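Some notes on the structure that comes next.
Predicted, not measured: the structure shown is a model, and the values here were computed from it. Numbered from 1 within each chain, the chains take letters A, B, ... in sequence-line order.
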There are 2 protein chains.
Amino acid sequence: MAAPYPEPTFSLAVGQNCRAREILDLVANKWSLGVVDTLEAGPQRFGELKRGIAGISQKMLTSTVRELERDGIITRTVYAVMPPNVVYGLTDLGKTLLAATRPLVRWSLENMAAIDDARSEFDERSREIAPGRPAK
Amino acid sequence: MAAPYPEPTFSLAVGQNCRAREILDLVANKWSLGVVDTLEAGPQRFGELKRGIAGISQKMLTSTVRELERDGIITRTVYAVMPPNVVYGLTDLGKTLLAATRPLVRWSLENMAAIDDARSEFDERSREIAPGRPAK
DNA sequence: CAGAATCCTGTGAGATACTG
DNA sequence: CAGTATCTCACAGGATTCTG
């Protein structure tokens, strides 16, 4: 039966622990991980950050950094000058988060192909199984 | 300042890599992580799995396991008996995903309190800064 | 028991326009 | 430059009912 189940660390029980689920939501959204990962390069201004994250709108960047700031993951430093200059950076907590997400990010990069394969194989099989689908 | 920025592994550039973002979405949703984590205990039937994940509806469980099956993360074994018996389990790929997510899950458990503190502190500060908010 | 089918709602998220 | 303010819409996700 292939590989045995992983090290039997007693289950962290994400399923049962509502609080854990809530905290994980911090990362389980479209942009947070991208922001944290991008800030790894060092503190950056709003505009830099925006350019660093493909496809994000300024609205989403604004609300994402606000939330991450609130959660203590990133800092927001405002320089009272004209034009405005606001710099974001990781807090110590943010750095530990970054470290904790790295395996997952790495996994996603390493397994893109495997997932693509699984998907097309799955889609292939579904087409076979249901040859006489109800039209329309 | 404080701690230096983490090991300067060249950034994995989640921000720029759209594909990476797409794959991460696999985990960046409300239930996938809970399902994978719960299956760590071993293969389980639909009902067991549902009971193992607090708050999930069977609709969400159904669509989540379907997606995870499609992505090659879990297996779905149907025993043609009455009443139906369907067992879900982790694939080898799923087990590597589980391992990759563990640091993050652990992080969330370890840092709940820190995040709560950050939040209340942040909320506290906002209240100070804006004492004369426009009514309504 | 393990779902499929519906109905319904909140909100995640994009596009656009405006401002200190 | 770094936002805020609206408007809009799709869709994630809940509740409920039905079936092999």
Side-chain angles (χ1 to χ4, degrees), chain A residues 14-15 18 21-22 24-35 38-39 43-71 74-89 126 129-130 132-134 136, chain B residues 15 18 21-22 24-35 38-39 43-71 74-89 126 129-130 133-134 136:
Chain A
V14 181
C18 290
R21 256 285 333 286
E22 188 198 328
L24 282 169
D25 279 350
L26 205 158
V27 156
N29 69 63
K30 203 168 179 185
W31 301 112
S32 296
L33 236 147
V35 169
T38 301
L39 281 178
Q44 289 168 62
R45 309 179 53 167
F46 188 88
E48 299 178 85
L49 203 45
K50 179 157 165 27
R51 279 187 296 279
I53 302 170
I56 197 171
S57 65
Q58 81 274 58
K59 176 190 170 182
M60 278 304 103
L61 180 53
T62 300
S63 63
T64 302
V65 293
R66 203 67 88 224
E67 179 62 26
L68 289 174
E69 183 198 2
R70 176 169 183 261
D71 293 335
I74 67 179
T75 59
R76 178 173 182 270
T77 312
V78 181
Y79 297 96
V81 296
M82 204 49 193
N85 187 345
V86 180
V87 174
Y88 296 92
S126 345
I129 294 173
R133 273 270 182 62
K136 196 207 95 126
Chain B
C18 290
R21 257 284 334 286
E22 187 196 330
L24 283 170
D25 279 350
L26 206 157
V27 156
N29 69 63
K30 203 168 177 184
W31 302 111
S32 297
L33 235 147
V35 169
T38 302
L39 282 178
Q44 288 169 61
R45 307 179 54 167
F46 188 86
E48 299 178 87
L49 203 45
K50 179 156 163 27
R51 279 187 296 279
I53 302 170
I56 196 170
S57 65
Q58 83 270 66
K59 177 189 171 184
M60 276 304 103
L61 181 53
T62 301
S63 63
T64 301
V65 293
R66 204 66 90 225
E67 179 62 26
L68 289 174
E69 185 197 1
R70 176 168 183 262
D71 293 335
I74 68 178
T75 59
R76 178 174 182 269
T77 312
V78 181
Y79 297 97
V81 296
M82 201 53 189
N85 187 345
V86 180
V87 175
Y88 296 91
S126 345
I129 294 173
R133 274 266 181 65
K136 202 206 87 144

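Comparing D:dT4, D:dT16, C:dG20 by their nearest atom to the side chain of B:Q58 picks out D:dT16. Relative to the side chain of B:V86, the nucleotides C:dA17, D:dC7, C:dG3 differ in distance, and C:dG3 lies closest. Residue A:M60 places its side chain closer to C:dA13 than to any other of C:dA13, C:dA17, C:dA2. The nucleotide whose nearest atom lies closest to any side-chain atom of A:K59 is, among C:dA15, C:dT16, C:dC1, C:dA15. Set against D:dG3, C:dG3, D:dG14, the side chain of B:W31 has D:dG14 as its closest nucleotide. Among the nucleotides D:dG3, C:dA2, C:dA13, the one closest to any side-chain atom of B:N85 is C:dA2. Taking only side-chain atoms of A:P83, from C-beta outward, the nucleotide of C:dA17, D:dG14, D:dC1 with the closest atom is D:dC1.
Of the side-chain N and O atoms in B:R45, none sit less than 4.0 angstrom from OP1 or OP2 of C:dC1. Residue A:Y88 places at least one side-chain N or O under 4.0 Å from the OP1 or OP2 atom of D:dG3. For C:dA2, the OP1/OP2 oxygens have no side-chain nitrogen or oxygen of B:R66 closer than 4.0 Å. In terms of phosphate contacts, B:R76 brings no side-chain nitrogen or oxygen within less than 4.0 Å of OP1 or OP2 of C:dA2. In terms of phosphate contacts, A:S57 brings a side-chain nitrogen or oxygen within less than 4.0 Å of OP1 or OP2 of C:dG14.
Mapping A:M82 and B:P84 onto DNA chain D by nearest heavy atom places A:M82 closer to the 5' end of the strand.
As judged by a 4.0 angstrom heavy-atom cut-off over every strand, A:K30 is placed among residues touching the sugar-phosphate backbone only.
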